[in-house]
Amino acid sequence: MDENKIGQFIVELRKEKNMTQKELAEQLHITDKAVSKWERGLSCPDISLLSPLAEILGVTTGELLNGQKHTASSGDHGDGVDQAISYAETSVNKKIISIQNILSVSFSCTLLVGMIVCIICDLAISGALTWSRYVISSVIFTLLIFAPILKCGYNGSGIFGLLLSVSAFIIPYLYTLGKIVGGNNLVASIGIKTALPSIVYLWCVYTVFRKLKSRRLLAAAIAFLLAIPLHLIINLILAGILATPVLDGWDALDLSVTFLCAAVLFMIDRTRHSQRTPE
């Protein structure tokens, strides 16, 4: 879809009709600045304006999107629907990207403003950076791990980037928190040791869902089952550090519920899969 070609075509048709940009804009109930942008190739008409714009200019929607009038020998008469679909997809994608950019900037600015306010308050009250160091490190960590989502959205690339960021920055973040706390490294020790198996678990779940795209229930069931060894590993780590029991009544209940959820999801998936499979 050539925006410059479409824009030039609109200029030519408008002048053939002896219309100004303002007159065309008034008929479409938009501003003349929008028409000016179309004609300069800076943007394209919204999908909802294609039909009325084509009618006003005396052409078909397909001709408008193609940026030229069809000839008897061009063979382009049947391309209007395909072009409209392609144009709609492009228009929607541009709007989604625009919304993502706005949300990304808003989210980042909100975090940064909050961090600056905390720094100012800490300096005003304590005369030095004390508790605000927790906020600074947490804000930086949040921006780093959510950067792929803010850039790519909640698609495959965004989720992969999020997991990659968490894997790369969670250990340095926990180590930094331990240093801020001072002499007692218990926070960093527990956090780092429990973070490692958790990261492995997240990558396993991500891989399972990637491999089983068409069977989400089965993937969810496997994720629940993988959570059981993760639970036991974390309990063993905590028991070694804090000298607590590896399992108690609440742990047994939690593991039982997790296993039950996995079993139910397995059964539902098996039932649905057998119904879809021809005998």
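Worth knowing before you read on, the calculation uses all heavy atoms, side chains too, and leaves out hydrogens, waters and symmetry mates. Keep in mind the model is a prediction, meaning the values are calculated, not measured.
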Over 12 non-hydrogen atoms of neighbours within 6.0 angstrom of CZ in Arg216: yes
Over 12 non-hydrogen atoms of neighbours within 6.0 angstrom of CD in Glu55: no
Side chain to side chain contact (heavy atoms under 4.5 Å, CB included) involving Ala239 - partner list, sequence neighbours excluded: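 Listed in chain order: Thr244, Val246.
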Set of side chain to side chain contact (heavy atoms under 4.5 Å, CB included) partners for Val257, sequence neighbours left out: Leu253, Cys261
Side chains of [X] and [Y], heavy atoms from C-beta outward: is any pair under 4.5 Å?
X      : Y      : result
Phe266 : Leu217 : no
Val135 : Asp122 : no
Leu196 : Ile171 : yes
Leu164 : Pro148 : no
Glu23  : Lys17  : no
Arg210 : Lys213 : yes
Thr194 : Ile233 : no
Leu226 : Cys204 : yes

Full working for side chain to side chain donor-acceptor pair (under 3.5 Å) between Ser137 and Arg133: CA-CA 6 Å; Ser137 57; Arg133 289 183 295 169; over 6 Å; no
Hey, quick one: are [X] and [Y] part of the same hydrophobic cluster, counting side-chain heavy atoms closer than 4.5 Å, chains of contacts allowed?
X      : Y      : result
Ile190 : Ile192 : yes
Ile180 : Trp131 : yes
Val166 : Val200 : no
Val11  : Ile56  : no
Trp38  : Leu42  : no

Say you draw a straight line from [atom1] of [X] to [atom2] of [Y]; how long is it, rounded to the nearest 0.5 Å?
X      : Y      : atom1 : atom2 : answer
Thr31  : Glu26  : OG1   : CD    : 11.0 Å
Ile145 : Ile140 : CD1   : CD1   : 13.0 Å
Leu50  : Leu64  : CG    : CG    : 6.0 Å
Leu65  : Cys44  : CG    : SG    : 8.0 Å
Ile199 : Ser167 : CD1   : OG    : 4.5 Å
Lys193 : Ile241 : NZ    : CD1   : 4.5 Å

Evaluation steps, side-chain contact (heavy atoms from CB on, under 4.5 Å), between Lys33 and Gln21: CA-CA 8 Å; Lys33 291 182 179 179; Gln21 289 182 347; over 6 Å; no
side-chain contact (heavy atoms from CB on, under 4.5 Å) assessment of Gln68 paired with Lys5: CA-CA 8 Å; Gln68 63 182 17; Lys5 187 176 181 181; 3.7 Å; yes
Salt bridge (Lys or Arg N to Asp or Glu O under 4.0 Å) partners for Arg14, two or more places apart: Glu39
Least distance between heavy atoms, Ser198 atom then Ile234 atom: OG-CD1, 3.9 Å
Non-hydrogen atoms of Ala223 and Tyr201 that approach each other most closely: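 Answer, listing the atom of Ala223 first, then Tyr201: O-OH, 3.0 Å.
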Residue pair Leu218, Leu265: steps toward the side-chain contact (heavy atoms from CB on, under 4.5 Å) verdict: CA-CA 7 Å; Leu218 178 59; Leu265 289 171; over 6 Å; no
Main-chain N/O of Asp32 paired with Ser36 side-chain donor or acceptor, under 3.5 Å: no
Main-chain N/O of Thr60 paired with Glu63 side-chain donor or acceptor, under 3.5 Å: yes
Phe141: partners by ring pair (Phe, Tyr, Trp, His ring centres under 6.0 Å), with sequence neighbours left out: Tyr173
Please output the side-chain donor-acceptor pairs of residues 106-120 that fall under 3.5 Å, not counting sequence neighbours, one pair per line with the distance.
residue: Ser106; atom: OG; partner: Ile102; partner atom: O; Å: 2.8
residue: Ser108; atom: OG; partner: Ser104; partner atom: O; Å: 2.9
residue: Thr110; atom: OG1; partner: Ser106; partner atom: O; Å: 2.7

Residue pair Leu232, Leu247: steps toward the side-chain contact (heavy atoms from CB on, under 4.5 Å) verdict: CA-CA 8 Å; Leu232 295 173; Leu247 289 174; 3.9 Å; yes
Contact list for residues 202-229, test ring pair (Phe, Tyr, Trp, His ring centres under 6.0 Å), sequence neighbours left out: Phe160-Trp203, Trp203-Tyr206
